[in-house]
Number of protein chains: 2
Amino acid sequence: MVGSPSGQSIPEATVSRLPLYLRSLQELMDEELSTVSSERLAEMAGVNAAKVRKDLSYFGSYGTRGVGYDVEYLLLHIRRELGLTHDWPCVIAGMGNLGQALANYGGFSDRGFVIAALVDANPDKVGTTVEGVPISHVDDLDDLVSRLDIHIGVIATPAHAAQDVADRMVAAGVTSILNFAPTVITVPDGILVRKVDLAVELQILSFYQERRQAGASLTGA
Amino acid sequence: MVGSPSGQSIPEATVSRLPLYLRSLQELMDEELSTVSSERLAEMAGVNAAKVRKDLSYFGSYGTRGVGYDVEYLLLHIRRELGLTHDWPCVIAGMGNLGQALANYGGFSDRGFVIAALVDANPDKVGTTVEGVPISHVDDLDDLVSRLDIHIGVIATPAHAAQDVADRMVAAGVTSILNFAPTVITVPDGILVRKVDLAVELQILSFYQERRQAGASLTGA
DNA sequence: GTGCCTTTGTGAAATTGTGCACGAGCCGGG
DNA sequence: CCCGGCTCGTGCACAATTTCACAAAGGCAC
């Protein structure tokens with residue numbers, strides 16, 4: 001079981017670190033380095049060296065003892081594991097501030113996520129374009145998704161519209177959803193949802209910040 | 001030690017769920033419900049009921065057996081734990097697409113995070129305003145942070161500028177940083193950093209999406 | 001007041017994730 | 001060919017988190 005490439009069981013925690021390794025390896029490529037040690041990679045990714053080695057070992061043994069990992073080979077391999085050997089066409093729903101920013105944000109297309117379609121419910125916005133991509137009406141989701149072979153949908157609508165849009169996406173054939181709306185959406189089995197709530201992170205910071213100040217006033221003056 | 005309110009040790013995992021409970025409780029307030037069971041709250045927050053009870057128990061026992069939790073009381077309590085009884089002035093650095101979207105995004109100020117200042121390194125942008133907040137030059141960070149009593153900084157710059165901005169923020173007195181730049185930043189002890197990488201989430205989706213397709217072609221037709 | 005129903009609060013078990021420590025394997029030099 | 005130094009791969013112990021299961025306790029009907 002151990003060491004078998006493409007084994008079924010890659011820990012979730014490991015998966016969530018793969019993008020970090022990928023990014024670090026890309027930087028190393030830019031610096032034209034051909035090999036990298038787990039220690040260096042760990043430092044770049046902001047984790048611990050043992051963790052890097054353990055994570056990479058789930059995919060088999062690609063390192064060379066005494067030397068390190070081959071940057072190019074590892075890069076290719078992780079990219080393949082992450083399914084980034086081809087581009088992913090995506091649709092963004094909700095062209096408010098957040099949706100527009102996401103559509104404009106270069107960080108997606110850089111990494112293989114092509115904004116193939118944009119939709120909104122507001123007829124006034126339909127027809128305008130963002131970054132050369134026309135905004136369609138949300139009613140056209142079905143057509144867009146099947147015609148452009150879209151599997152990934154991004155929800156950037158207000159909270160109250162999120163569930164409806166999610167339902168439409170699923171009905172249209174989307175199987176993975178990234179939800180930026182601050183609400184829980186429910187989907188059928190087999191549909192994968194990840195959630196990013198920008199304000200949640202600030203609230204977590206706030207928690208620790210408040211604690212620190214409270215603590216400081218106890219221990220401090 | 002158990003049940004002591006404000007005990008030192010609230011698990012990180014619990015803290016990261018508090019904002020979800022808070023949001024759910026706000027919805028319940030809007031619906032004018034006065035009590036809620038752990039089961040209902042769990043459903044709204046998208047977690048498991050036992051987890052809700054355990055999470056809440058770290059703050060002491062605020063529920064009534066046979067009845068549930070008092071919505072208003074619990075709301076107030078979590079808000080206090082999260083340090084959201086007052087507003088937090090924040091500064092956003094980097095007024096590109098992402099920074100502008102964050103500044104425009106209503107979801108922050110709704111929850112007590114007031115955009116007090118905006119900075120950018122580009123002189124052309126300095127002087128213009130976003131949502132009524134003027135963009136200052138990044139060199140003025142020091143002055144802004146101390147004058148407006150800012151503790152929280154948001155980095156929305158390109159990756160290559162993030163570390164420099166983080167250093168400046170720390171020097172100016174910021175103690176909590178939310179980093180949207182796709183890079184690891186290092187800060188002195190005592191400074192708290194949280195990281196949101198929009199593309200990372202898509203890559204994680206991509207991983208599972210790819211696996212699913214691979215699996216489907218084995219088990220399916 | 002008694003009994004029943006409901007829902008909390010919480011030990012304890014199960015699962016998941018982390019970090020250490022060290023054997024194993026590779027490289028370069030003599 | 002052998003040796004010393006370096007770095008991977010991994011078993012193991014430990015820590016964190018989740019989940020289960022159930023006793024304890026409030027509320028309501030009668």
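Order of the sequence lines sets the chain letters (A, B, ...), proteins ahead of strands, with each chain counted from 1. Keep in mind that the numbers below use all heavy atoms, side chains included, and drop hydrogens, waters and symmetry copies. Model, not experiment: these values are computed from the prediction.
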Do A:K54 and D:dG9 have a side chain to base donor-acceptor pair shorter than 3.5 Å?
no
More than 12 foreign heavy atoms under 6.0 Å from CD of A:E39: is that the case here?
no
C:dC20 phosphate, OP1 or OP2: any side-chain N/O from A:N48 under 4.0 angstrom?
yes
Any sub-3.5 Å donor-acceptor pair from A:R23's side-chain atoms to B:P182's backbone N or O?
yes
Can you check the B:D70 CG to D:dG27 P distance for me, whole Å?
12 Å
N or O in side chain of B:Y58 less than 4.0 angstrom from D:dT17 OP1/OP2
no
Given DNA chain C, 5'-ward residue of the pair A:D55 and B:T64, judged by closest heavy atom:
B:T64
Please answer whether the main-chain N or O of A:L202 pairs with a side-chain N or O of A:S206 as donor and acceptor at a distance below 3.5 Å.
no
Roughly, in whole Å, what's the span from NZ in B:K51 to C1' in C:dT8?
18 Å
Summary of side-chain hydrogen bond (donor to acceptor under 3.5 Å, both in side chains) pairs that have at least one residue in residues 170-192 of chain B, sequence neighbours excluded:
A:Q209-B:T175, A:Q209-B:S176, A:R212-B:S176
Rounded off to whole Å, could you give me the OH-to-C1' distance for the B:Y73 and C:dT8 pair?
16 Å
Where do N or O atoms of nucleotides 21-25 of chain C meet protein N or O atoms at under 3.5 Å, pair by pair?
unit_1 : atom_1 : unit_2 : atom_2 : d
C:dA21 : N6     : A:R53  : NH2    : 3.4
C:dG23 : N2     : A:R65  : NH1    : 3.0
C:dA24 : N3     : A:R65  : NH1    : 3.0
C:dG25 : N2     : A:G66  : N      : 3.4

Could you give the CD-to-P distance, from B:E12 to D:dT18, as a whole number of Å?
11 Å
Are the charged groups of A:R211 and B:E81 less than 4.0 angstrom apart, N to O?
yes
Walk me through it: do A:D55 and A:K51 pass the test salt bridge (charged side-chain N to carboxylate O under 4.0 Å, His left out)?
CA-CA 6 Å; A:D55 283 345; A:K51 215 181 315 199; over 6 Å; no
Using a distance-only test with no angle check, is there a side-chain donor-acceptor pair under 3.5 angstrom linking A:D30 and A:Q26?
no
Aromatic plane relationship, A:H77 with A:Y73 - under 30° parallel, 30 to 60° tilted, over 60° perpendicular:
parallel
Please work out which residues in residues 37-47 of chain B have a non-hydrogen atom less than 4.0 Å from an atom of DNA chain C and list them by number.
B:S37, B:S38
Once you round it to whole Å, what is the distance between P of D:dG26 and OH of B:Y62?
17 Å
B:Q100 side chain vs B:M95 backbone, donor-acceptor pair below 3.5 Å
yes
Return the value, rounded to whole Å, for the distance between atom CG of B:L74 and atom P of C:dT8.
11 Å
